[in-house]
Amino acid sequence: MINGETSIYGILGCPVRSSLSPKMHNAAFAYHKLNSVYVPLLVESGGQNSIIKAFNTLNIKGANITVPYKSSLFEQLDSIDPYAKKINSINTLIKTNQGWAGFSTDGVGFIQALTELKIDIANTSFLMIGAGGAGKAIAFALCEAGAQRLYIKNRTTSKADELIDNLRGNSWLVDRYSPTNNNFQVLINTTSVGMDATSLSADDEMIRKAKVVIDIIYSPEMTPLLVKAKAAGKIIQNGLPMLINQARESFYIWTGKMISSEVLRKAILH
Ligand code: ATR
């Protein structure tokens with residue numbers, strides 16, 4: 001029950017209307033019987049420069065950050081997690097005794113979703129499609145997790161090359177994808193292609209070569225890529241496990257408590 005002592009958390013972005021995070025985090029607060037609430041925090045353009053000031057004024061305890069502000073708040077924070085710095089993206093804020101701290105839980109969310117598929121990352125090679133914000137978060141996480149190899153393919157090849165150059169500081173096992181390459185087991189779509197439920201983000205050859213096909217899109221639940229991959233007998237995963245696991249990590253940062261994926265999954269589906 002909300003009362004005078006309820007702590008406020010929320011998701012800040014524009015738009016935030018269709019976010020599933022309020023459902024997940026309110027279910028997690030209820031599960032742990034915490035006197036906290038999670039609300040949408042719509043900030044229209046121009047408002048991003050005073051966000052931390054507004055949070056302090058309103059005694060907000062923590063937040064998720066989504067599009068288009070994931071890279072806008074760095075200067076307002078007191079500390080930034082090294083992984084978030086590397087990918088230039090923050091999705092979780094917490095107010096601490098030392099001020100506001102920023103993290104990105106997208107990468108760890110993706111890696112945990114991979115472990116649900118029992119993938120042995122160190123002995124697996126990946127082909128990732130896309131080199132935008134989500135692609136960058138996933139590519140750095142895969143390199144840090146010790147992936148055997150990572151190939152990257154993007155519509156704009158210069159963006160893929162730039163990401164590859166940045167990753168090579170970490171790992172030389174990153175390269176451009178070429179169609180002659182057969183040496184990957186997991187195909188990952190990190191682009192928005194497929195959200196329209198009609199466009200296909202990977203070609204037939206890529207699907208044929210993969211054993212596992214992952215799409216980080218969760219709406220629609222089955223993108224054309226996943227439909228094709230399933231029909232071809234591949235192991236598939238959509239974006240829900242990543243979404244749920246990044247939320248579990250944010251919740252842990254705020255509360256120090258674990259929440260099961262099942263609680264969050266149920267909250268989304270009801
Ligand atoms: P996000 O932060 O969600 O990753 P983004 O940074 O805008 O969003 O990146 C979108 C990704 O989807 C990019 O890799 C983009 O390719 P480009 O770098 O060539 O723009 C990719 N993408 C978006 N629409 C696409 C389309 N119609 N065909 C192929 N790739 C597309």
Side-chain angles (χ1 to χ4, degrees), residues 11-21 43 45 48 64-74 83-92 102-111 113-114 126-143 150-167 174-179 184 186-207 213-221 223-229 237-247 250:
I11 178 147
L12 185 140
C14 184
V16 287
R17 188 185 306 153
S18 52
S19 170
L20 296 172
S21 296
V43 172
S45 89
Q48 67 268 30
N64 283 130
I65 308 297
T66 188
V67 178
Y69 302 124
K70 284 184 162 189
S71 305
S72 318
L73 304 181
F74 279 74
Y83 167 76
K85 229 181 240 173
K86 254 187 234 162
I87 64 166
N88 191 32
S89 172
I90 283 167
N91 79 340
T92 305
F103 299 84
S104 173
T105 65
D106 288 336
V108 65
F110 179 79
I111 298 295
L114 269 187
F126 298 82
L127 166 57
M128 185 183 90
I129 300 169
K136 202 171 177 184
I138 287 172
F140 271 94
L142 280 172
C143 287
L150 171 62
Y151 298 99
I152 301 178
K153 164 104 175 60
N154 191 49
R155 175 179 59 180
T156 310
T157 50
S158 59
K159 273 178 73 181
D161 289 344
E162 195 187 321
L163 177 55
I164 290 166
D165 279 348
N166 289 337
L167 287 161
V174 189
D175 216 336
R176 254 194 201 195
Y177 174 74
S178 94
F184 68 90
V186 180
L187 169 64
I188 308 158
N189 173 47
T190 70
T191 74
S192 46
V193 178
M195 276 183 183
D196 60 2
T198 55
S199 325
L200 190 61
S201 51
D203 61 39
D204 288 352
E205 197 56 15
M206 293 172 179
I207 298 172
V213 177
I214 298 172
D215 200 323
I216 67 161
I217 294 170
Y218 54 83
S219 177
E221 249 175 75
T223 57
L225 172 66
L226 293 184
V227 170
K228 262 204 157 173
Q237 186 184 70
N238 71 8
L240 269 186
M242 178 180 173
L243 177 81
I244 287 170
N245 281 298
Q246 64 76 30
S250 294

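Start at 1 and go down the list; that is how both ligands and their atoms are numbered. All residue numbers refer to positions in the sequence shown, counting from 1. Hydrogens, waters and symmetry mates play no part in the numbers below; they use all other heavy atoms, side chains included.
Annotation: G135 places no N or O atom under 3.5 Å from an N or O atom of ligand 1; distance criterion only.
Without hydrogens or angle criteria, S104 side chain to I90 main chain gives no donor-acceptor distance under 3.5 Å. The closest donor-acceptor contact from the side chain of E221 to the backbone of Y218 lies at 3.5 Å or more, if one exists at all.
Atom 10 (C) of ligand 1 has G132 CA, 4.4 Å as its closest protein atom, hydrogens excluded (heavy atom only). For atom 28 (N) of ligand 1, the closest heavy atom belonging to the protein is V193 CG2, 3.5 Å. Closest to atom 19 (O) of ligand 1, if we only count protein heavy atoms, is T156 OG1, 2.5 Å. Residue, atom and distance of the protein heavy atom nearest to atom 16 (O) of ligand 1 are N154 OD1, 3.3 Å. Counting only heavy atoms of the protein, atom 4 (O) of ligand 1 lies nearest to A134 N, 3.0 Å. Atom 12 (O) of ligand 1 has its closest protein heavy atom at T191 CB, 3.2 Å. Of the protein's non-hydrogen atoms, the one nearest atom 27 (N) of ligand 1 is R155 NH1, 3.4 Å.
Annotation for A229 and I207: closest pair CA-CG2, 3.9 Å, computed over non-hydrogen atoms. When all heavy atoms of T190 and G130 are compared, the pair lying nearest together is OG1-CA, 3.5 Å.
Counting heavy atoms under 4.0 Å from ligand 1, residue A131 touches it through the backbone alone.
There is no protein heavy atom closer than 4.0 angstrom to atom 7 (O) of ligand 1.
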Worked check of side chain to side chain contact (heavy atoms under 4.5 Å, CB included) between I138 and F126: CA-CA 11 Å; I138 287 172; F126 298 82; over 6 Å; no

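Short contacts between ligand 1 and S192, defined as distances under 4.0 Å to a heavy atom of the residue, involve ligand atoms 12 (O), 23 (C), 24 (N). Within ligand 1, counting atoms from 1 as listed, the ones closer than 4.0 Å to a heavy atom of G130 are 14 (O). Remark: ligand 1 atoms within the under-4.0 Å shell around heavy atoms of K159 are 18 (O).
Few gaps surround NZ on K70; more than 12 heavy atoms of other groups in view lie less than 6.0 Å from it.
With N238 as the partner, the side-chain contact (heavy atoms from CB on, under 4.5 Å) test is satisfied by one option alone out of L225, L226, I217: L226.
To the nearest 0.5 Å, the span separating CD on E162 from CD1 on I152 amounts to 11.5 Å. In this structure, the separation between NZ on K228 and CG on D204 is 3.5 Å, given to the nearest 0.5 Å.
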